[in-house]
Amino acid sequence: MNIEHLKLFVRIASTANISLAGRELNISPAVASAHIGKLEETLGVRLIHRTTRKVSLTDDGKLFLPHAQEVLDSIETAQTAVGSGAQTPQGTLRVTAPASFGRMHLIPAIPVFLERYPKLNIDFRFSDSILDMVEGGFDVAIRDAELKDSNLHAKKLADDKRIIVAAKSYIDKYGAPETPSDLKNHKIVNLTGLEVWDFKGAHGVTSVKTPNYLRMDNGEAVRDACIQGCGITLTATWCSYPQLESGELVQILQDYPLATDCALWAVYPSNRLLAPKVRAFIDFLAERFSGTPYWDEKLSGLVV
């Protein structure tokens, strides 16, 4: 089985475009189409649906994809395990991460990482939607949700502390809620999917379904709307620490901490052989965010 054909198939699965996948591997659309035809002939199954508008994987293609990726990962690991490549991760590292976390915390760290590993390049996909690692062809995913897929491994990077905040202008105009139940009488700016807030109390956990005055699908947009006095929001300290530090936002309902046990995780396929580029990136992030992350250190004494 031709390794270049496998590489092409994996890139087609990620891009949903034969011509684009071919260009990434420096081959023409005609040659790319011929390579996929040869791979399908070798396997005796059709791997992709071709139409004039799009390309998608067949059921057999979806079944074959993780095995193709595992073969490529194993070959890359074997190649870099010998000779000068042993200490030098190389190639393209494909990473997906939440949009706000990626922009605020990964991008500032990348120059240091790439200087350390100059033979690597990175393909980022920043999205607040959870993208499928296998279908997307990703090596690593940064997530702030519990890992549910048994085919993946996860390494904890840092705690993901959540608090309730408002702008001083909002509090001056509308006052601050004294208990979680008071939230129903306030304007709430929600991140899509986080409309129910769970609070710890003396008698257990209280769940509050907050009214959607504003709802957005991006954490930074939610934070910025809150800064403008649009309402109260639930935020991660990693997202809002500069505004809490400056006083643009203040923590409220301090006596009612959120009943969340969130963390930031580096998630990766559970292959027996972990590619050096993946191990290098995960180790780098673990080193950068180890202990009390820098954003929470800056808020010491400001939030509880």
Side-chain angles (χ1 to χ4, degrees), residues 96-105 126-131 142-148 158-265 293 295-296 298-299 301-304:
T96 178
S100 298
F101 187 83
R103 191 193 70 80
M104 293 183 66
H105 299 288
F126 291 149
S127 173
D128 286 329
S129 298
I130 294 180
L131 303 181
I142 308 303
R143 291 182 177 165
D144 55 5
E146 182 181 357
L147 180 61
K148 297 180 180 179
D159 289 329
D160 186 6
K161 182 178 177 61
R162 310 286 179 89
I163 59 175
I164 308 301
V165 300
K168 189 175 183 302
S169 61
Y170 178 89
I171 296 172
D172 289 343
K173 187 173 183 178
Y174 298 104
E178 296 183 2
T179 68
S181 62
D182 293 337
L183 288 168
K184 65 180 181 295
N185 299 318
H186 281 269
K187 300 180 186 297
I188 306 297
V189 184
N190 270 322
L191 182 66
T192 302
L194 290 179
E195 292 86 359
V196 177
W197 300 356
D198 296 328
F199 293 88
K200 295 178 184 176
H203 303 290
V205 175
T206 299
S207 296
V208 177
K209 189 178 188 308
T210 56
N212 284 315
Y213 178 65
L214 280 176
R215 183 168 59 177
M216 307 178 191
D217 64 354
N218 178 272
E220 287 178 281
V222 168
R223 178 202 64 200
D224 292 347
C226 191
I227 291 170
Q228 297 301 316
C230 292
I232 295 168
T233 197
L234 181 159
T235 187
T237 53
W238 61 256
C239 182
S240 299
Y241 76 95
Q243 293 74 27
L244 288 158
E245 200 176 13
S246 69
E248 291 178 277
L249 294 175
V250 296
Q251 185 184 11
I252 59 176
L253 292 174
Q254 294 95 326
D255 294 333
Y256 299 90
L258 288 161
T260 58
D261 188 20
C262 299
L264 293 159
W265 302 86
W295 53 82
D296 282 338
K298 290 177 177 291
L299 297 179
L302 291 177
V303 302
V304 296

If you round to the nearest 0.5 Å, how far is OG of Ser100 from CZ of Arg223? 7.0 Å
Measuring from Ile164:CD1 to Leu258:CG, what's the distance to the nearest 0.5 Å? 4.0 Å
Does Glu248 have any salt bridge (Lys or Arg N to Asp or Glu O under 4.0 Å) partners at least two apart in sequence or in another chain, and if so, which? none
For Ile163 against Val304, the heavy-atom pair lying closest together: CG2-O, 4.1 Å
Run the ring-ring contact (aromatic ring centres under 6.0 Å, His included) test against Tyr174 and tell me which residues pass, sequence neighbours left out. Tyr170
With sequence neighbours excluded, residues passing salt bridge (Lys or Arg N to Asp or Glu O under 4.0 Å) with Lys200: none
Which atom of Glu178 lies closest to which atom of Asp182, heavy atoms considered: N-OD2, 3.0 Å
ring-ring contact (aromatic ring centres under 6.0 Å, His included) with Phe199: which residues, sequence neighbours excluded? none
All heavy atoms of Cys239 vs all of Met104, minimum pair found to be O-CE, 3.4 Å
For Asp160, salt bridge (Lys or Arg N to Asp or Glu O under 4.0 Å) partners two or more places apart: Arg162
Sequence neighbours excluded, the answer for side chain to side chain contact (heavy atoms under 4.5 Å, CB included) partners of Pro293 is Ala158, Trp295, Asp296
Is there a side-chain hydrogen bond (donor to acceptor under 3.5 Å, both in side chains) between Thr233 and Thr235 once you walk through the steps? CA-CA 6 Å; Thr233 197; Thr235 187; over 6 Å; no
Side chain to side chain contact (heavy atoms under 4.5 Å, CB included) with Pro177: of Leu253, Val208, Ile171, only one passes, and it is Leu253
Nearest heavy-atom approach of Cys226 to Ala167 is O-CB, 3.3 Å
